[in-house]
Amino acid sequence: MDNNSAKNLSIRATVVLYILLLGFIACICSLFRVGIVKGEEYKLKAEKGQLLDTEISAERGTIYDSNMNILAKSASAWLVYVNPSAIKTDEQQKLVVQILSEQFGRDAEELSATIDEKKAAGSNYYRIQSEVEENVKETIDAFLNEHKKQKISEIIQIDPDTKRYYPYSDFASNIIGFVDSDDNGIGGVEQSYNSELTGVSGRIITAKNAYQKKMDSEYEMTYEAQQGSNLVLTLDEVIQFHLEQSLDRALKDTGAKYAYGIIMDVDTGAILAMTSKPDFDLNAPYSIADQILAAKIDEMEDEAQKNEETKNARISQWRNRTISDTYEPGSVFKTIVVSAALEENVVNLDTTYTCVGGIQVLDHYQKCWKAGGHGTESLTQGLMNSCNPFFITIGQKLGKENFYKYFEAFGLTEKTGIDLPAEAKPVANSTYHSLERMGLAELSSSSFGQTFQVSPIQMITAVNAIANGGKLMTPYIVDSVVDDDGNVISKTSPVPKRQVISEKTAATVADMMEQVVSRGTGKNAYVAGYHVAGKTGTSEKIGKEGAYIASFAGFAPAYNPKISILIAIDEPEGAHGGGVVAAPIGGEILEKVMTYLNIEPQYEDSEMKNISSTTPSLAGKTVAQARSLAAGYTVKVVGNGSEVVSQSPSAGTQIRSGGVIVLYTDGDAGKQTAVVPNLTNMTMSQANKAAVNSGFNIRFAGTTNASEVTAYRQSIDAGTEAEIGSVITVYFKTTVNVQD
């Protein structure tokens, strides 16, 4: 081999060596990139192709009322999904689409198209429906078993899931809230306590073979889900029922746009009941509860407008107006002003003012609601009469510095801190007047509850401070968080924020508020034996002329308060005064709640004439003996027997003296019935006479201590058939001197 050939061979060998070296280096770099740089990414991709990871939903914690009645509960359900990559034939896809469209109301063509898209993308998971009921799961199982040959069970998969149930549908809906499709809380305690209620999801990890099919169970690992914690609310189901029932009726009777109310434990600040009407069904939260509104939206042709109106309607019905809305409190706020003035010693019970029908404030003449004025009034009479000119002078005596000090001390410049979402935030010079910008006009109007706004929860918390000896409490809705064995994980302790006024001042104002109800503008909230303390309010809505909010706030019993209450009727039609519209509702609810709480009434001598007596036990007695024992009552005998078999009303029932007792002397005799008369718009004596003449008993409720009272509602509807002897509760109110 000559030198040139050897040289050429050496060059070629060197080139080959470099090429091999470069290739080796490239392989090393590629291995480094795959194994180190992209190692974790490729590992996850490999695992994704080799493993099927299915989440097991954790069962959400249960929500109870204060008596451990279930308000929200999760139960076992099923998750149905499809593995599009497992579909090999048109027949398989046709069967899959058939059963799923039938069971879940899906459009067959759209479902098939979506599955095609998922299949083309190589997807092995497409969720069809969560929270599937057992009966639907059984139907699908039967279908899969029927089509074993087509191997549909390798395509349609069913895994454990949970579903949220609300046993009482719309009961306390704004307070409880609901969950979305991902089991996240929306509104209410479902949202504010989402982390406590939400458990830890479990997983089922299953190996797949080369054909993307599940392998045997020996290649499967299950990590059990951990249930969430349970909540025990301060809400009492019975008290909540009375509040909701009364406000539902108020919406119907007054034609109002909204009605809301709160009942609070005076000593602790615990919320015993809270509602915002109209509300919605927790089991169908996305359905528009207002059928008239739903029909209007359904008729809309513009799809964008339809979607927007649907969204707005949902948000509106979910809104808890007791904490998220603000309003001018009107004359209810006078209780705060008089508390501040007494505490600062700028007035006392001997302070008087002569109301001539109005008062000049700068360039504005503020009229009193009573034409010609109230004349000379004491401080208590000024509150009883809800006299605006009197309270303007009190506010001016107090001065803007002291006024603002107590406005702030009563918690009206800050959130209350209630453990519910979306509480309205007070904003200086927007919802209330800052000290720097408060002039004489703002001070004067604020003194009778106008030109500023508070939320209902703020207002009841402030009034509750008067009932609670001057202590401002933090309101709360969750009493405790517990596990499934009843062990307490956390417990809410009552939190007094501060002493706003002295116990002496609080007691003085409580006595004044009791006289507002017994003799003043709040007399329609009167409840015999319970000494209700309260104040009515009427305020025109800002920016909406002719639209009012009628309200009542108070507590009972006045001298040993147990519960405080706030009722607001938003935009009632016709009569719109708090004394006429809201006070009667407050009185009705207070009577029912105090009776439920076994608070004994303490009757004054003047009240005894209207108090019912207790019917004697007459069964087993001869007719003659029964007549003797029932002296003072109207006795009707049914049957020809000589001995009383049963009676109506039953023994121990409260009826008025002179009422009707029906004695049945024949066990086979049918119950005697009569048509219930219409007792509304009658005086007390007229209603009593009409009821007895028709064979019924009457129980007086509401305002029975005022002149010119008339019946406005009866517990058994007129025109219905009822057993003679039945007790009809008739509610009375007055329209005389109850303006505010």
Are Arg164 and Asp183 close enough, and set up right, to give a salt bridge (Lys or Arg N to Asp or Glu O under 4.0 Å), and what steps lead you there?
-> CA-CA 8 Å; Arg164 199 67 164 163; Asp183 216 31; 5.9 Å; no
Answer whether the closest heavy-atom distance between the side chains of [X] and [Y] falls below 4.5 Å.
X	Y	result
Trp318	Pro285	yes
Ile567	Leu247	yes
His576	Thr538	yes
Ile323	Met274	yes
Phe410	Val454	no
Pro329	Phe452	yes
Val478	Val232	no
Pro426	Lys415	yes

How long is the span from the CD1 atom in Ile63 to the CG atom in Leu231, to the nearest 0.5 Å?
->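 It comes to 5.5 Å.
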So CG of Leu251 and CD1 of Ile569: to nearest 0.5 Å the spacing works out to 7.0 Å
Say whether [X] and [Y], considering side chains only, have a donor N or O and an acceptor N or O under 3.5 Å apart.
X	Y	answer
Thr254	Glu573	no
Asp265	Thr268	yes
Tyr166	Glu190	yes
Arg321	Tyr258	yes
Asp236	Tyr596	yes
Arg713	Thr680	no
Asn320	Ser276	no
Ser386	Ser331	yes
Thr416	Glu423	yes

Over 12 non-hydrogen atoms of neighbours within 6.0 angstrom of [atom1] in [X]:
X	atom1	value
Ile315	CD1	yes
Lys425	NZ	no
Glu134	CD	yes

With sequence neighbours excluded, tell me which residues meet salt bridge (charged side-chain N to carboxylate O under 4.0 Å, His left out) with [X].
X	value
Glu237	none
Lys163	Glu133
Lys497	Glu414

Of Ile698, Val676, Val727, Thr729, the residue whose pairing with Ser715 passes side chain to side chain contact (heavy atoms under 4.5 Å, CB included) = Thr729
Which of these, Val532, Ile563, Val463, sits in a side chain to side chain contact (heavy atoms under 4.5 Å, CB included) with Phe555?
-> Val463
Quick one: do Leu272 and Leu243 satisfy side chain to side chain contact (heavy atoms under 4.5 Å, CB included)? Show the steps, please.
-> CA-CA 10 Å; Leu272 304 179; Leu243 179 63; over 6 Å; no
Within the distance-only criterion (no hydrogens, no angle test), does the side chain of [X] pair as donor or acceptor with the backbone N or O of [Y] below 3.5 angstrom?
X	Y	result
Thr521	Gly579	no
Gln602	Tyr530	no
Ser324	Ala422	yes
Asn194	Asn184	no
Asn174	Asp279	no
Thr234	Ile271	yes
Thr615	Ser650	yes
Ser192	Asp419	yes
Thr335	Val332	yes
Glu514	Ala558	no

Partner residues of Gln245 under the side chain to side chain donor-acceptor pair (under 3.5 Å) criterion, sequence neighbours left out |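 Listed in chain order: nothing, the list is empty.
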By side chain to side chain donor-acceptor pair (under 3.5 Å) - contacts of Tyr327 (at least two apart) =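 Not a single residue meets the side chain to side chain donor-acceptor pair (under 3.5 Å) criterion with Tyr327.
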Verdict with reasoning, Tyr168 to Phe241, per side chain to side chain contact (heavy atoms under 4.5 Å, CB included) | CA-CA 11 Å; Tyr168 301 113; Phe241 170 78; over 6 Å; no
Which atom of [X] lies closest to which atom of [Y], heavy atoms considered:
X	Y	value
Asn464	Met264	CG-SD, 3.5 Å
Pro561	Ala467	CG-O, 3.5 Å
Ile466	Ser339	CD1-OG, 3.6 Å
Pro557	Ile599	CG-CG2, 3.9 Å
Ile549	Ala568	CG2-CB, 4.2 Å
Ala313	Ile288	CB-CD1, 3.6 Å

Salt bridge (Lys or Arg N to Asp or Glu O under 4.0 Å) between Asp740 and Lys535, intermediate numbers included = CA-CA 9 Å; Asp740 42 63; Lys535 184 70 188 76; 5.6 Å; no
Return each pair, listed once, that meets side chain to side chain donor-acceptor pair (under 3.5 Å) where at least one residue sits in residues 476-486; pairs must be two or more places apart or across chains.
->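 As it turns out, the side chain to side chain donor-acceptor pair (under 3.5 Å) pairs with a partner in residues 476-486, which skip direct neighbours, are Gln227-Asp484, Asn230-Asp484, Asp479-Lys491, Asp483-Asn487.
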How about Tyr559 and His531: are their ring centres within less than 6.0 Å of each other?
->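 Ring centroids of Tyr559 and His531 are less than 6.0 Å from each other.
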What about the rings of Tyr286 and Phe178, do their centers lie closer together than 6.0 Å?
->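 Here the rings of Phe178 and Tyr286 have centres that are less than 6.0 Å from each other.
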Take Ile70 and Thr62 through the side chain to side chain contact (heavy atoms under 4.5 Å, CB included) test and state the conclusion after the steps.
-> CA-CA 7 Å; Ile70 295 174; Thr62 301; 4.0 Å; yes
Are Asp267 and Asn468 close enough, and set up right, to give a side chain to side chain contact (heavy atoms under 4.5 Å, CB included), and what steps lead you there?
-> CA-CA 6 Å; Asp267 294 329; Asn468 195 18; 3.8 Å; yes
